[in-house]
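Below: the structure, in structure tokens.
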Amino acid sequence: LTAAIGIHDLSFSTGQFVLPHAESARHNGTDVDKYHVGLGQVAMSVPAIDEDIVTMGAAAAAPILERHGHDRIRTILFATETSVDQSKAAGVFVHRLLGLPESTRVVELKQACYSGTAALQLAVALVQRDRRQQVLVIAGDVSKYPLDSPGEPTQGAAAVAMLVAADPALVRVVEPSGLFTNDVMDFWRPNYRSTAIVDGRLSVDAYLQAVEGTWKDYTERGGLSLNEIAAVCYHQPFTTMAHKAHRHLLSYCGQPSDRRNSAEAVGRTTAYNAVIGNSYTASMYLGLASLLDSTDDIMDQTVGFLSYGSGSVAEFFTGVVAADYRDHRRRNENRDVISRRTEIDYAAYRELHEYDLPVSGEERALPRQTAGSFRLAGIADHKRVYQPR
Ligand code: CAA
């Protein structure tokens, strides 16, 4: 029998600002239903100039340390595809900002939006080796596409922090996993670019192919049947993608696959993503937060997870919700994180989008914008300077 290991606590943070899609629609003359109905997106988070994956990651993790302390944390795994340095792991900055002990290992993981799941699975394996140990997993990204490109309304930003431990209070991670890798250029970001390049149509097809691929492997390894799974948290580049993916899976399994069927499995997972936008590595775990916060009766039920990272690597696995999850979720805090963002207009968003940090390494103090707990104060001598706010 596998020991119970999984997500013991989950907390998230997002950017300081929010751009409603109604405002974007007004600006560019698009029918707002394309965003609200077609993409299933209502708004997107936009980080302040003095925010990035480090400040969001630290802000997401701080409440976890307040609740559980750090005595048992020996490892920080930081998953991201919008890293701030080619060498140094973002988690090392977070480690200092949070005052964690020297006796910690810290590393960064990358494979597009998938690496949060790689981090979670590696964390489970580490706890399996030593059940007293806890692992802090952080998954955080800022999604940025070129202005006026089709990807623009699917931007967003957030970081999720999860404490992985034995006897978890939220979700026990269960075997088997279904795995899928396919070398495809659907979405990528060359080292010299700050915005991602995406072949939109191909990316949707590649995602659906990965859904089939992971499910096939999952069932071949003795996984559950679809009707034993109460809800599925999908990676959500935009929330209708989760519905599209689930309908694809239903029809692959020979089951009725209209919108009503996908709403049952997916509908409770999309509330946070619809107003935050794509947060890449964090997205699927915001889906889990939404599910836990919007239900009162899924204790002991099995939840599916479909993690997709362009390029591509995907994994399907399941988890079982803990009996007393309602006592440990962070529903009020999560709703506060979303509601305390400052609404901006399209012009202010565009200015933030176009702001570039110096690439020549010259000293620059950044304007104070964030109301969060941590900020990127500036750049000096090619070094990023992070501070508590
Ligand atoms: N009312 C209601 N619905 C409308 C509408 C209206 N007025 N106008 C359009 N729509 C619908 C369309 O019918 C379409 O829905 P279906 O796909 O169900 O037919 C939907 O709105 C989107 O419309 P378009 O396809 O015309 O939109 P687009 O050409 O502008 O591009 C996109 C859509 C390709 C997803 C684009 O937003 C994009 O490139 N996004 C970034 C890439 C991405 O998110 N890919 C997802 C898979 S890859 C992945 O998951 C990894 C990752 O995080 C990036």
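As the structure lists them, so they are numbered: ligands from 1, and atoms in each ligand from 1.
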List the closest protein heavy-atom neighbour of [atom]: residue, atom name, distance to the nearest 0.1 Å.
| atom | result |
| --- | --- |
| atom 39 (O) of ligand 1 | Gly200 CA, 3.7 Å |
| atom 44 (O) of ligand 1 | Pro237 CB, 3.4 Å |
| atom 19 (O) of ligand 1 | Lys244 NZ, 4.4 Å |
| atom 30 (O) of ligand 1 | Lys34 NZ, 2.6 Å |
| atom 37 (O) of ligand 1 | Pro150 O, 3.0 Å |
| atom 52 (C) of ligand 1 | His235 NE2, 3.6 Å |
| atom 15 (O) of ligand 1 | Gly38 O, 4.3 Å |

[X] neighbourhood, listing ligand 1 atoms whose heavy-atom distance to it stays under 4.0 Å:
| X | result |
| --- | --- |
| Phe187 | 54 (C) |
| Ser203 | 42 (C), 43 (C), 45 (N), 46 (C), 47 (C), 48 (S) |
| Tyr145 | 41 (C), 42 (C), 54 (C) |
| Arg201 | 24 (P), 25 (O), 29 (O) |
| Tyr207 | 50 (O) |
| Phe238 | 35 (C), 44 (O), 46 (C) |
| Thr154 | 37 (O), 40 (N), 41 (C) |
| Ser310 | 48 (S), 49 (C), 51 (C) |

Identify whether the distance between the nearest side-chain nitrogen and carboxylate oxygen of [X] and [Y] falls below 4.0 Å.
| X | Y | value |
| --- | --- | --- |
| Arg350 | Asp148 | yes |
| Asp336 | Arg330 | no |
| Asp52 | Arg384 | yes |
| Arg260 | Glu264 | no |
| Asp205 | Arg201 | no |

Problem - Proximity of Thr240 to ligand 1 by residue part, where a heavy atom lies under 4.0 Å - result: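 It is neither part, as no heavy atom is under 4.0 Å.
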
Exercise for the section: Tell me which part of Cys113 gets within contact of ligand 1: side chain, backbone, both or neither, using heavy atoms under 4.0 Å. Expected result: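 Looking at Cys113 and ligand 1, just side chain atoms fall under 4.0 Å.
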
Side chains of [X] and [Y], heavy atoms from C-beta outward: is any pair under 4.5 Å?
| X | Y | result |
| --- | --- | --- |
| Tyr325 | Ile298 | yes |
| Ser24 | Thr30 | no |
| Ile7 | His328 | no |

Problem - Nearest candidate to atom 22 (C) of ligand 1, where distance is taken over non-hydrogen atoms, out of Val32, Leu39, Asp33, Asp31 - result: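 Going through Val32, Leu39, Asp33, Asp31 one by one, Leu39 has the nearest heavy atom to atom 22 (C) of ligand 1.
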
Any protein heavy atom lying closer than 4.0 Å to [atom]?
| atom | answer |
| --- | --- |
| atom 12 (C) of ligand 1 | no |
| atom 32 (C) of ligand 1 | no |
| atom 42 (C) of ligand 1 | yes |

Practice task
Examine ligand 1 and decide if any of its atoms is less than 4.0 Å from a heavy atom belonging to His36.
Solution key: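 Checking ligand 1 against His36, which is what was asked, there is no heavy-atom contact under 4.0 Å.
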
Exercise for the section: Name the orientation class of the two ring planes belonging to Tyr285 and Phe305 (parallel below 30°, tilted from 30 to 60°, perpendicular beyond 60°). Expected result: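 It falls in the parallel class, under 30°.
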
Practice task
Please work out whether the ring planes of Tyr280 and Tyr145 are parallel, tilted or perpendicular, with thresholds of 30° and 60°.
Solution key: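 Tyr280 vs Tyr145 ring planes: perpendicular.
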
Practice task
For atom CD of Gln387, decide whether the heavy atoms of other residues, nucleotides or ligands shown that lie under 6.0 angstrom number more than 12.
Solution key: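 Enclosed.
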
Handout entry: Option from Leu286, Thr270, Thr269 for which side-chain contact (heavy atoms from CB on, under 4.5 Å) with Cys233 holds
Key =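 Answer after filtering Leu286, Thr270, Thr269: Thr269.
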
Exercise for the section: Taking atom types as modelled, find out whether Gln121 and Glu315 have a side-chain donor-acceptor pair closer than 3.5 angstrom. Expected result: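 Yes, side-chain donor-acceptor contact under 3.5 Å.
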
